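Data block below; observations after.
Keep in mind that this is a model prediction, so the values were computed, not measured. We name chains A, B, ... by the order of the sequence lines, and we start the count at 1 in each one.
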Amino acid sequence: MADTADTITGIECPVYLQYHFTAGRAPARFLTRIKEGVLSGQRCPRCSNVYIPPRGSCPACGVPTEEEVELPDKGTVQSFTVVAIPIPNNPIKPPFVVANLVLDGANISFIHLLSECENSEVRIGQRVQAVWKPREEWGYAMDNIRYFRPIDEPDVPVAQIGKLPVTGREG
Amino acid sequence: MQQIAIVAFSQSDCLARAGAANEVELIMPQLQAVYAQVGIDNAQDVDFVCSGSCDYLQGAAFAFVAGVDALGAVPPIKESHVEMDAAWALYEAVLKIRMGHADSALLYGFAKSSSGELPIVLSQQLDPYYLAPLWVDTVSLAALQARLLLESGLASERDMAEVVARSRRNALDNPHARLSGSVSVDELLAEDLFVSPLRRADCAPVADGAAAMIICTVEKAREWGVPYALLSGIDHRIETHNLGMRDLTDSVSTRLAARAAGVEDGPVEVAELYAPFSHQEIILSRALELGDDTRVNPSGGVFAGNLMMASGLSRVGEVFRRIAAGEIRRGVAHATSGPCLQHNLVAVLESAS
Amino acid sequence: MSTLAAVVGIGQTQYKTRRGDVSIAGLVREAAVNALQDAGLEWDDIEAVILGKAPDMFEGVIMPESYLTDALGCNGKPMLRVHTAGSVGGSTALVAASHVQSGSFKRVLTVTFEKQSESNAMWALSTPQPFSVHLNAGAGGYFAPIIREYMRRSGAPRDVGIKVAVKDRLHGARNPLAHLQLPNITMQEVEESMMLWDPLRFLEACPSSDGACAMVIAAEELVHESPKPPAWIRGVAMRSEPTMYAGRDEVNPQAGRDCAADVYRQAGITDPRRDLDCAEVYVPFSWYEPMWLENLGFAAQGEGWKLTMAGATSLDEGGDIPWNCSGGVLSSNPIGASGMIRFAEAARQVRGDAGAHQVPGAKLALGHAYGGGAQFFAMWVVGADKP
Ligand SMILES: [Zn+2]
């Protein structure tokens, strides 16, 4: 009988599977445009809400979305968290701010980094703008925008977040 | 017990690669098609929604969550998901209607398995300690089963080629087919072996796509005023995972499910069988005790294109279509899951009149 | 219209970081055998098995029902596999119940599990996809901004989450199966634990556990064959909404409100705080207790935190509506099973079989699970009395 030192309680079986991921027609279009530095959303034909990044459907109405809407790179902090632990496979150093941001003219938030700010001063309703990577580094990816940073505009009242026109705060 | 009616079905073309379309984009046209068939607007107009898909086929956890984006689930809906072929979503929905918590249900299944190497991916479905580390792929396991069938004398390579030739010929009438055509048995037998004793032609061509269906109570079907088929029986059974403990030349679970679903209670004019490999159609036909008067896979079956996670539901849909069109009065549909026909579902559909 | 059904057997495993003593099959079998024993039944008494778990990628086994057939005595029987994200444990119980409530089966076994120690869940959840910035900092990173918005809306004091974290761990210390055993935990200790996703601290988040939970559900006519008191299923409901849509209230999701209203209506509940004796609610992050107190109608909007702070949800403080007496998800979290544990623990309470975390005289209890971006909900109400 084997002593406990020989008892096998696990074996290593690494699994390698390769996938060729497809983003989808609508996200692919979004990625094509963002390579050109353009933020392009889609408007729902039924409820008129604008989604970015677009997924090709309005989840609320269950209908395909086709109309493209070009959006500015300015937006508002809908909410945020300060993350104190590293992200696997990501060089970013904690603590960093992850925020739900809504671009002007969009009706839904997406997640991105917030930087060039005191973490303790980030707040709901704060105005922000994208900081892009150098043009020569742009690819088909959302991280063409390195992060967003606060800008000197008055905060947006909570009830208005997600409802601003493409012209933004002053619109 | 509440009688169940099938009122709508649609499936996508079987595409070798769905190209740029993502899952939501694959599902939506099929949903729109079944809505149109019964004259409803969206998932708000049915009482329950259930889908079937598999995260690993597209390589992302929670892949099915995006499917909800296709539904228009605002206000919220009653919705569930099986990590199985959508034929089992149909099964879950049948229970829901029988218990009186729904009068109608929308089912859909979808996959974009071209993203990965399907036979290799599915090898990770096996016992994780003994089998998965060996990376035995699904084609090899099926070949093992085919070998046993041939050696037992229950079928010949010619019989297998006949399945393929007939399926491809039948698929000529299937507008969604990925593969169809006239090919002779001798031509097929002249092809090289792929994974012995299987030739490439013995393996159903895998396809990207989606399928959707609407079922309801008979009262609801009459209210909608659309032709329908009765789902008079449905049952499914699983068998041991240990291939060495099964008689791979038979499908005991199919026999059990067929008996419970009432296959033998009437003539079977059409049988749509989910047989991803030619020899499996032979095994299934025997297990279902189909006679010469049954047309097997008039759609071409999955040899027209194997829509992963939707092919089982599509088999039910194909039989429904023929009954609703008045072509036949009674038929059987079959779905399978797991290596070498481990898990089988059998449904009996009948004309309402 | 539906057949009356009851829980007649419950089985759970010990929850811990790593169950190196059993395989995946051994883990589910342990829960299933415990449930059969509790129900006084044998494998042959079971007509079908309904299995649930969160993503296959958590263990790296695709469609594990295929491999688990033998361990669950399912050869020749129907086996269904449910996956509805984090709510799956609850959904699986509901699908199992529907097997009986539909009149199709007399007695079924349902099992859920997670053995996260066998794979890398963080990896499983972070397969890179090109259209989003790769910022997956765990579920906490997703839910923390939502919690922040709740704090803003309700004006709740900052220590509400800390109080929940302490309360649920003190409950967990009464439950020998609970993963975290922290009988001496203090508010100060939670407050001083590392801030992971501000405002969530380490001790305000759930652990990651190996474990399985099983139940036997029987039709009315067979309930008497099991020796212990049954937990009658008085209401079942599920609701889903999309992860994101314009105008979605992520703090107080409509799917949760609708689901609760549905299950209360079936169970004849008009005032959940008054009518229910206790609840097992999916609270993986401390702040979700006050948020769900409001979402589930135990408190008015913006006032859930007041119940928490007053001790209303605490067994130790003699609260009138104890929540998560078992210690909840904050004490044990085998993801795929976590929802079913809520359902099973609600049933244990009304069976009078909850041991040291029993609510005295509990007759009616709520089991709750949620998943995805707090978008999938599953609930049931179980009672000691036959409806
Ligand atoms: Zn819309």
Side-chain angles (χ1 to χ4, degrees), chain A residues 9-10 13 15 19 21 23-24 26-28 30-31 34 44 47-51 53-55 58-62 77-90 92 94-100 106-113 119 124 139-143 145 147 158 162-163, chain C residues 18-23 57 59-62 115 117-138 140-153 194-202 205 240-248 250-251 375:
Chain A
T9 58
C13 305
V15 173
Y19 292 91
F21 187 78
F30 169 80
L31 294 170
I34 204 168
C44 171
C47 68
S48 298
N49 283 307
V50 172
Y51 289 89
R55 293 194 51 89
C58 170
C61 302
V77 175
Q78 188 182 53
S79 195
F80 66 97
T81 177
V82 185
V83 180
I85 47 175
I87 301 172
N89 312 318
N90 194 312
I92 185 167
F96 54 89
V97 179
V98 170
N100 297 353
N107 302 105
I108 197 141
S109 67
F110 59 85
I111 292 176
H112 215 302
L113 294 168
N119 289 354
I124 292 171
Y140 298 103
M142 192 65 174
D143 61 9
I145 295 175
Y147 51 78
V158 170
K163 293 175 184 152
Chain C
R18 182 175 150 75
R19 284 293 306 269
D21 58 324
V22 284
S23 62
M57 289 184 183
E59 286 83 15
V61 184
I62 302 177
K115 203 155 187 286
S117 68
E118 296 213 6
S119 181
N120 183 341
M122 202 67 159
W123 168 82
L125 289 175
S126 60
T127 48
Q129 300 193 350
F131 51 80
S132 61
V133 189
H134 188 41
L135 283 181
N136 198 312
Y142 179 85
F143 289 112
I146 301 172
I147 290 167
R148 180 179 302 279
E149 167 62 11
Y150 170 75
M151 293 166 76
R152 188 200 62 77
R153 272 188 211 184
M194 186 180 171
M195 186 68 86
L196 297 181
W197 310 279
D198 194 348
L200 282 173
R201 297 170 180 81
F202 175 72
S240 306
E241 67 183 34
T243 320
M244 312 257 282
Y245 62 89
R248 175 169 188 241
E250 292 178 285
V251 173
Q375 65 188 116

- Portion of Arg18(C) that has a non-hydrogen atom of chain A nearer than 4.5 angstrom: side chain
- With only heavy atoms counted, which part of Met195(C) is less than 4.5 Å from chain A, the side chain, the backbone, both or neither? backbone
Residue selection (most heavy-atom pairs with chain C, distance under 4.5 Å) from [options]:
options                                   : result
Ser109(A), Gly139(A), Ala106(A), Ala84(A) : Ala84(A)
Ala60(A), Cys47(A), Gly24(A)              : Ala60(A)
Thr81(A), Ile34(A), Asn107(A), Asn49(A)   : Thr81(A)

- Given a strict heavy-atom distance threshold of 4.5 Å, which part of Val158(A) is in contact with chain C: side chain, backbone, both, or neither? side chain
For the student: nearest non-hydrogen atoms of [X] and [Y], plus distance:
X         : Y         : result
Ile85(A)  : Leu196(C) : CG2-CD2, 3.7 Å
Tyr51(A)  : Ala246(C) : OH-N, 3.3 Å
Pro59(A)  : Pro242(C) : O-CG, 3.3 Å
Ile124(A) : Arg152(C) : CD1-CD, 3.8 Å
Glu250(C) : Gln78(A)  : OE1-OE1, 4.3 Å
Val83(A)  : Trp197(C) : CG1-CD1, 3.9 Å

- Query: CZ of Arg148(C) to CG of Asn100(A): how many Å apart, nearest 0.5 Å?
  - Reply: 10.5 Å
- Message: Counting neighbours of OH on Tyr19(A) that are heavy atoms of other residues, nucleotides or ligands and sit closer than 6.0 Å, is the number greater than 12?
- Response: yes
- Query: Top residue by heavy-atom pair count (under 4.5 Å) with chain A, among Ser23(C), Ser117(C), Ala144(C)?
  - Reply: Ala144(C)
